[in-house]
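Since the structure is predicted, the reported quantities are computational estimates derived from the model, not experimental observations. Read the numbers this way: they start at 1 and go in the same order the structure lists the ligands and their atoms. When reading the values below, keep in mind they use all heavy atoms of this one structure, side chains included, and skip hydrogens, waters and symmetry mates. Nothing fancy with the numbering, it's 1 onward along the sequence.
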Amino acid sequence: MGKSEIDRLQPSQLSAHIGDGNMDNQPSLYTSNNNESKKAAEDVDEEAEPVELENQVAGHTNDGHNLGMLKYKGAVLKPITKVVNGERESCFYNDLDASYSASLKQLKQFVPQYFGKEVVPIGDKLVECLVLEDLTKGLKEPCIMDIKIGRRTWDPRANLDKIKKEDEKYKETKRDLGFCVPGFQVYKITNGKLKKYGKEYGKKLNKESIIEAFKVFLNGDIAWSRCLLVQLLVNLWRIQNWAKKQTAVRLYSSSILLIYDARRLKQNLEINGCLRQTKPKPPVLKRSASLYRPLSIAILHDKESVRTGFSGQLNADGPIFTNSKPSSPRIINCAPSITRKEVPTLKRMHSFHNNYDKDLQTIRDNYVYMLDDLVSEQKTELWATAKMIDFAHAYPAESNTIDYNYLDGIENLVKIFEGFLSECDNRN
Ligand SMILES: Nc1ncnc2c1ncn2[C@@H]1O[C@H](COP(=O)(O)OP(=O)(O)OP(=O)(O)O)[C@@H](O)[C@H]1O
Ligand SMILES: O=P(O)(O)O[C@@H]1[C@H](O)[C@H](O)[C@@H](OP(=O)(O)O)[C@H](OP(=O)(O)O)[C@H]1O
């Protein structure tokens, strides 16, 4: 890469390129008069001083050169140990607020809230940190997986050594899937115990063993929860749709955090009779009378649609089933745009596997409606999400083209989760 090209990619130019973000004018968590920040400040748990973020699953740790993530006053602190990276990440967050670009504005909903920079005491030093919303706040048993997106994890300013070092890590999953897993933690719903899997584990994964790793993370080795998969997938689809269109930024070495509360998962599985030791089982639904298959298929097939067993009600844990046969499943009202005419091929049962775009879109729409219902009608909080983090290597796109390095990774991730969803349909 020529010097002039590298020079054009100085961090400060991210602002210039995408908007007029001023990286130092951001409201602070503690001093701002910005309403959102004020509210966050009121909400905070009071750690008197920064403490280690015990739920950190990947990234730099306190090793003498670097510092790990911290928790302070209810927020997460990311210490700036590499000034250029820290500035770049701070600029990136600021640009999301300041930009006129629709895709950058849209991106804001997929990332943690950013409260600006703060200088805090860490040990005997004062360290400047990014202050971020704690994405795991309020979760009783937070299960977190860090998925680094992209085959290429080095940025345009990387030297040969860095390129080599990056290319040698997580080789197989990056090559075959376009992402890797540098770490995760899971609370097992069988015994409530926390298990952590670090980067050495992640580096050995390949396209087969990573499926097992996902199952372990999702407690899917014990039972599949459609409610969990839907919550995660809806967010992944949104990010995927964003990545399909956006031409403003290139994200290198950026991650998606998958987050859920194992406590809520357990409750959800118990209510649905999927865990043995628990409450009386709900009425057994025959395969044909179950909603546990793509909703769009159910509603497009007249006979099937009256036999879903779906009561028309959703609670915090997903759809409620009855023995009765509702003549008009509520989902039909939720998805008025879906007609027999539009998607005549949906009777094909393996649409998940063949990934036919149109079929999938319909199926996705249904799950999005279902998720919306969960929130809007029952006024419940969701307990799983997928968020984008780590923008230390975010660069402006040089030409208005798609970031295929990012898009490929998220598309493969989505396919794997859609596969789980269809497996879940068959088992339940
Ligand atoms: N907003 C957040 N809320 C909760 N946890 C977070 C948040 N941001 C980061 N984390 C935790 O910290 C870890 C590291 O975050 P991040 O990727 O930003 O750090 P990093 O040191 O830049 O990583 P890398 O070494 O991959 O570049 C994540 O895997 C996650 O466990
Ligand atoms: O997954 P691993 O093995 O921990 O690899 C690290 C990871 O790629 C980080 O993103 C990178 O930090 P940067 O984002 O700062 O490049 C770090 O570089 P470093 O060793 O130079 O800190 C790598 O060691």
Item to check | Phe217 ring center near Phe214 ring center (under 6.0 Å) | outcome: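 Centroid separation for Phe217 and Phe214: 6.0 Å or greater.
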Next on the checklist: I'd like to know if Glu87 and Lys117 make a salt bridge, using a cut-off of under 4.0 Å between side-chain N and carboxylate O.
Outcome noted: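 Yes.
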Next on the checklist: Taking Lys266 first and then Glu141, would you say they form a salt bridge - that is, a charged N and a carboxylate O separated by under 4.0 Å?
Outcome noted: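 No, Lys266 and Glu141 are not salt-bridged.
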Identity and separation of the nearest protein heavy atom to [atom]:
{"atom": "atom 5 (N) of ligand 1", "result": "Leu53 CD2, 3.9 Å"}
{"atom": "atom 19 (P) of ligand 2", "result": "Lys82 NZ, 3.4 Å"}
{"atom": "atom 6 (C) of ligand 1", "result": "Leu257 CD1, 4.0 Å"}
{"atom": "atom 17 (O) of ligand 1", "result": "Asp390 OD2, 3.0 Å"}
{"atom": "atom 3 (N) of ligand 1", "result": "Leu135 N, 3.0 Å"}
{"atom": "atom 20 (O) of ligand 2", "result": "Lys165 NZ, 3.0 Å"}
{"atom": "atom 5 (O) of ligand 2", "result": "Lys169 NZ, 2.6 Å"}
{"atom": "atom 12 (O) of ligand 2", "result": "His60 CE1, 3.1 Å"}
{"atom": "atom 11 (C) of ligand 2", "result": "Lys162 NZ, 3.6 Å"}
{"atom": "atom 16 (P) of ligand 1", "result": "Lys78 NZ, 3.7 Å"}

Donor-acceptor pair between [X] and [Y] side chains, under 3.5 angstrom:
{"X": "Ser99", "Y": "Lys105", "answer": "no"}
{"X": "Asp390", "Y": "Ser255", "answer": "no"}
{"X": "Arg88", "Y": "Asn85", "answer": "yes"}

Have a look at ligand 1 and work out which part of [X], if any, has a heavy atom under 4.0 Å from it: side chain, backbone, both or neither.
{"X": "Ala58", "value": "both"}
{"X": "Asn85", "value": "neither"}
{"X": "Met69", "value": "side chain"}
{"X": "Ile389", "value": "side chain"}
{"X": "Asp146", "value": "side chain"}

Side chain of [X], backbone of [Y]: donor and acceptor closer than 3.5 Å?
{"X": "Lys162", "Y": "Arg157", "answer": "no"}
{"X": "Gln56", "Y": "His60", "answer": "yes"}
{"X": "Lys188", "Y": "Val216", "answer": "yes"}
{"X": "Thr385", "Y": "Leu232", "answer": "no"}

Next on the checklist: Check this for me - ligand 1, Glu133, N or O atoms closer than 3.5 angstrom, yes or no?
Outcome noted: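 For ligand 1, there is an N or O atom that lies under 3.5 Å from one belonging to Glu133.
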Those atoms of ligand 1 less than 4.0 Å from some heavy atom in [X]:
{"X": "Asn55", "result": "31 (O)"}
{"X": "Pro112", "result": "1 (N)"}
{"X": "Gln56", "result": "12 (O), 13 (C), 31 (O)"}
{"X": "Val76", "result": "3 (N), 4 (C)"}
{"X": "Lys148", "result": "26 (O)"}
{"X": "Val57", "result": "29 (O), 31 (O)"}
{"X": "Asp134", "result": "3 (N), 4 (C)"}

I need the atoms of ligand 2 closer than 4.0 Å to a non-hydrogen atom of [X], numbered in the order shown.
{"X": "Lys203", "value": "3 (O)"}
{"X": "His393", "value": "13 (P), 14 (O), 16 (O)"}
{"X": "Lys199", "value": "2 (P), 3 (O), 4 (O)"}
{"X": "Glu166", "value": "8 (O), 23 (C)"}
{"X": "Asn85", "value": "15 (O)"}

Could you check whether any heavy atom of [X] sits closer than 4.0 Å to an atom of ligand 2, since that is the contact criterion I want to use?
{"X": "Ser253", "answer": "yes"}
{"X": "Tyr170", "answer": "yes"}
{"X": "Thr153", "answer": "no"}
{"X": "Lys148", "answer": "yes"}

Checklist entry - Can Arg152 be said to sit on top of Trp154's aromatic six-ring, NZ or CZ under 6.0 Å from centre and within 45° of the ring axis? => result yes
Checklist entry - How long is the span from the CG atom in Leu228 to the CG atom in Asn268, to the nearest 0.5 Å? => result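 Going from the CG atom of Leu228 to the CG atom of Asn268 covers 8.0 Å.
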Checklist entry - What orientation do Trp242 and Phe110 show, parallel under 30°, tilted 30 to 60°, or perpendicular over 60°? => result perpendicular
Next on the checklist: Does the plane of the ring in Phe391 sit parallel, tilted or perpendicular to the ring in Tyr93? Use 30° and 60° as the thresholds.
Outcome noted: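 Perpendicular: the ring planes of Phe391 and Tyr93 meet at over 60°.
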Checklist entry - Only one of Glu166, His393, Lys148 forms a side chain to side chain donor-acceptor pair (under 3.5 Å) with Ser253, so which one is it? => result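 When Glu166, His393, Lys148 are each tested with Ser253, the side chain to side chain donor-acceptor pair (under 3.5 Å) holds only for Lys148.
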Next on the checklist: So for atom NZ, which belongs to Lys207, do other residues, nucleotides or ligands contribute more than 12 heavy atoms lying within a distance under 6.0 Å?
Outcome noted: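 Atom NZ in Lys207 is not packed in, count stays at 12 or less.
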